[in-house]
Amino acid sequence: MKEIVVISGKGGTGKTSITASFAVLGGKNVIVADCDVDAADMHLLLEPDFQDSEDFYSGELAYIKQGQCVKCGKCADVCRFDAIPIINNQYIVDPLSCEGCGYCARVCPTDAIINKDLNVGKWYISNIKTGSIMVHARLGIGADNSGKLVAKVKSEAKDIAEDEFKDYVIVDGSPGVGCPVVSSLSGASFVVLVTEPSVSGLHDLKRVYELVHKFNIKAGCIINKADINPEVCKNIEGFLQKENIVHIANLPYDEDFTKAMTNGQTIVEYSNGHLKELIAKSWKKILENVK
Amino acid sequence: MKIAIASGKGGTGKTTLSTNLASYLAEKQDVVLIDLDVEEPNSGLFIHNDGVVQSHPVTIEDKFKMVPEWIEDKCTFCGICQKVCNFHAVIQLGKMIMVFPELCHGCYACSELCPTDALPMIPKKMGELKHIKTGQLNFVESRLLIGEEQAVPLISQTHKYIDEHFDAETIKIFDSPPGTSCPVIEATKDADFVILITEPTPFGFHDLKLAVETMKELKKKFGVVVNRYGIGNDDVVDYCEKENVPLLAKVPNDRRITELYSKGKLVYKEVPEMGKELDKIIAYLSTLKDGGLA
């Protein structure tokens, strides 16, 4: 079983539209993992049935039992996150600032502070229109630990793929280079970088590739909207060559991306023309590289 | 006044709006633009590219987070450090204590609860802050080192730098990271007003609703700017009307804007429609009670 992770550094490059197209092209043999848990959008294209769902708990949140509190202030003194302000003469934990380190509870002389398990979101196993299965999640507002939820979604998808003898797991990763991305990359067989020829696209590609390189994972790149800036496009191609990154394809700027999405479809379902052909070729090239 | 520019979905135009709005305002008054998308900071690509006004570096400084360092000679292997760390960043393996700085949240529990002071906190570089001045525009950017996983401490230190170097009245525009999780909360929690930028597509709409929920949870005043207006469908505009969310501006779907952006150029200087939309946003911001944009 091979794991293909699609990331982009920069948001809005077409990563999810392209990943969903690959899921359709791969059909029953591909388990899908939507690891962009912060802004998960794959479900808008793949018609999941939300068959199973489970709450996800990760980390802790301090809670002060006012009846036991003697207002000594030790908790607020040791808190490095300014998470225990005094409100109406009571020490109260600010849930958005609390990191769940538990230090306050350890120094409280009257055991007035308890740590509650924190529900940070929900994850789902769904049947999708490709005839396969998707594991996806929704992170609670402002939740920490998105990296752990990503790890959970991925490991569930891998277990399903192994149990059902599927050849591939395809992962839609999140933007950036921080904890959720690091979590999506661990264990990947091949990374697909989706970029665009803008100064930001190239800048972000270089940063996210530095991370991929640290993990020593083989990578390929799709340049989307390739015709919006031929000069930057050439710079990206040069970068790919220099870094030995497989140049998978250049896709044109095409409003069919948006039209397909507005129709609730992937591009390969919506478009019959050149774009569909290019994406099908890209998928084939990825599979050749994953072998 | 602090204005944060945020979005649920990435790539909807946060950086385009932040850089254009800040530069446009800076033609008449002092403005600070702060790039808080520390994982992938892009605003600087548009500021340095201005070409007209010379920019002067003000500060470049390393930013550190505090992590424990094990001093073997002082350690009695009592095991308290491992026990008190909720993040598994301190592990005892036989006669050795291992510290994993990338997992450490800097709570100081292991260090301060160690009975023999064997784990003092030491600074570890997590990123860099850069401050430049171009005409009336001050630009501050922070950049997370690759491999560092936590954006929040760097965002928080950047806020501190801003509060120390600029007075409360100065207009500050914060380009925030995408999403709805901890880095966005940290970036927007001190803002007087948040502009959510989205595109009128199903992805844009879905992620806008998450961003609106987040802002309501934070009890923030906010408004919406629709980018690439004309593409997709009417769901975003209908939603804003129904939910009584102020719709501040509609930036047209125009390939010229995409191309200017791709070159790192400011859009309003070449596409007059952009200037008109910026005027609408500025007019709205001036009506806010604590505004200072008039």
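Naming convention: chains lettered A, B, ... in sequence-line order (proteins, then strands); numbering from 1 in each chain. Note that these values count all heavy atoms, side chains included, but never hydrogens, waters or copies made by symmetry.
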*Of the backbone (N, CA, C, O) and the side chain (C-beta and beyond), which part of B:Y261 lies under 4.5 Å from a heavy atom of chain A, both, or neither?*
both
*Examine whether an atom of B:P41 lies under 4.5 Å from a heavy atom of chain A, and if so say whether it belongs to the side chain, the backbone or both; otherwise answer neither.*
both
*If every non-hydrogen atom of B:P202 is compared with every non-hydrogen atom of A:L44, which pair is closest and at what distance?*
O-CD1, 3.6 Å
*Members of residues 256-266 of chain A whose heavy atoms come closer than 4.5 Å to chain B*: A:T258, A:M261, A:T262
*Where do A:R106 and B:L113 come nearest, in terms of heavy atoms and distance?*
CD-CD1, 4.0 Å
*Contacting region of A:L202 [heavy-atom separation from chain B under 4.5 Å]*: neither
*Please report the shortest heavy-atom distance between B:F203 and A:S17, naming the atom on each side.*
CE2-OG, 4.0 Å
*asked:* Enumerate the salt bridge (Lys or Arg N to Asp or Glu O under 4.0 Å) contacts for residues 143-157 of chain B, please, sequence neighbours excluded, ordered by first and then second residue.
replied: B:K65-B:E148, B:K124-B:E148, B:E141-B:R143
*Region of A:I228 that comes under 4.5 Å of a non-hydrogen atom in chain B*: both
*What closest approach, in Å, do B:N253 and A:E255 show between heavy atoms, and which atom pair accounts for it?*
ND2-OE2, 2.9 Å
*By a 4.5 Å heavy-atom criterion (distance strictly below it), what part of A:S97 contacts chain B: side chain, backbone, both, or neither?*
side chain
*Heavy-atom distance under 4.5 Å to chain A: side chain of B:K14, backbone, both or neither?*
neither
_Working note: A:K214 + B:E102, criterion salt bridge (Lys or Arg N to Asp or Glu O under 4.0 Å); need CA distance, chi angles, decisive distance, verdict._
CA-CA 15 Å; A:K214 276 194 175 191; B:E102 62 280 8; over 6 Å; no
*Distance-only, no hydrogens or angles: does the A:R207 side chain make a donor-acceptor pair with backbone N or O of B:I146 under 3.5 Å?*
no
_Under 4.5 Å from any heavy atom of chain B, what part of A:V37 do you find: side chain, backbone, both or neither?_
neither
*Counting only heavy atoms closer than 4.5 Å, note whether A:F81 contacts chain B via side chain, backbone, both or neither.*
side chain
*Relative to chain A, which segment of B:E217 carries a heavy atom at a distance below 4.5 Å: side chain, backbone, both, or neither?*
side chain
*Non-hydrogen atoms of A:L211 and B:G147 that approach each other most closely*: CD1-N, 4.1 Å
*Those residues that, when tested against A:H43, pass ring-ring contact (aromatic ring centres under 6.0 Å, His included) (two or more places apart)*: B:H206
*salt bridge (Lys or Arg N to Asp or Glu O under 4.0 Å) between A:D227 and B:R255, worked out*: CA-CA 11 Å; A:D227 50 334; B:R255 193 178 158 125; 3.6 Å; yes
*Can you tell which part of A:P197 gets under 4.5 Å to a heavy atom of chain B, answering side chain, backbone, both or neither?*
backbone
_Contacts with chain A made by residues 5-13 of chain B (heavy-atom distance under 4.5 Å), listed by residue number_ = B:G8, B:K9, B:G10, B:G11
*By a 4.5 Å heavy-atom criterion (distance strictly below it), what part of A:E196 contacts chain B: side chain, backbone, both, or neither?*
side chain
*Of the backbone (N, CA, C, O) and the side chain (C-beta and beyond), which part of B:D235 lies under 4.5 Å from a heavy atom of chain A, both, or neither?*
neither
*Identified side-chain contact (heavy atoms from CB on, under 4.5 Å) counterpart of A:R80 within the set B:E112, B:H105, B:M121*: B:E112
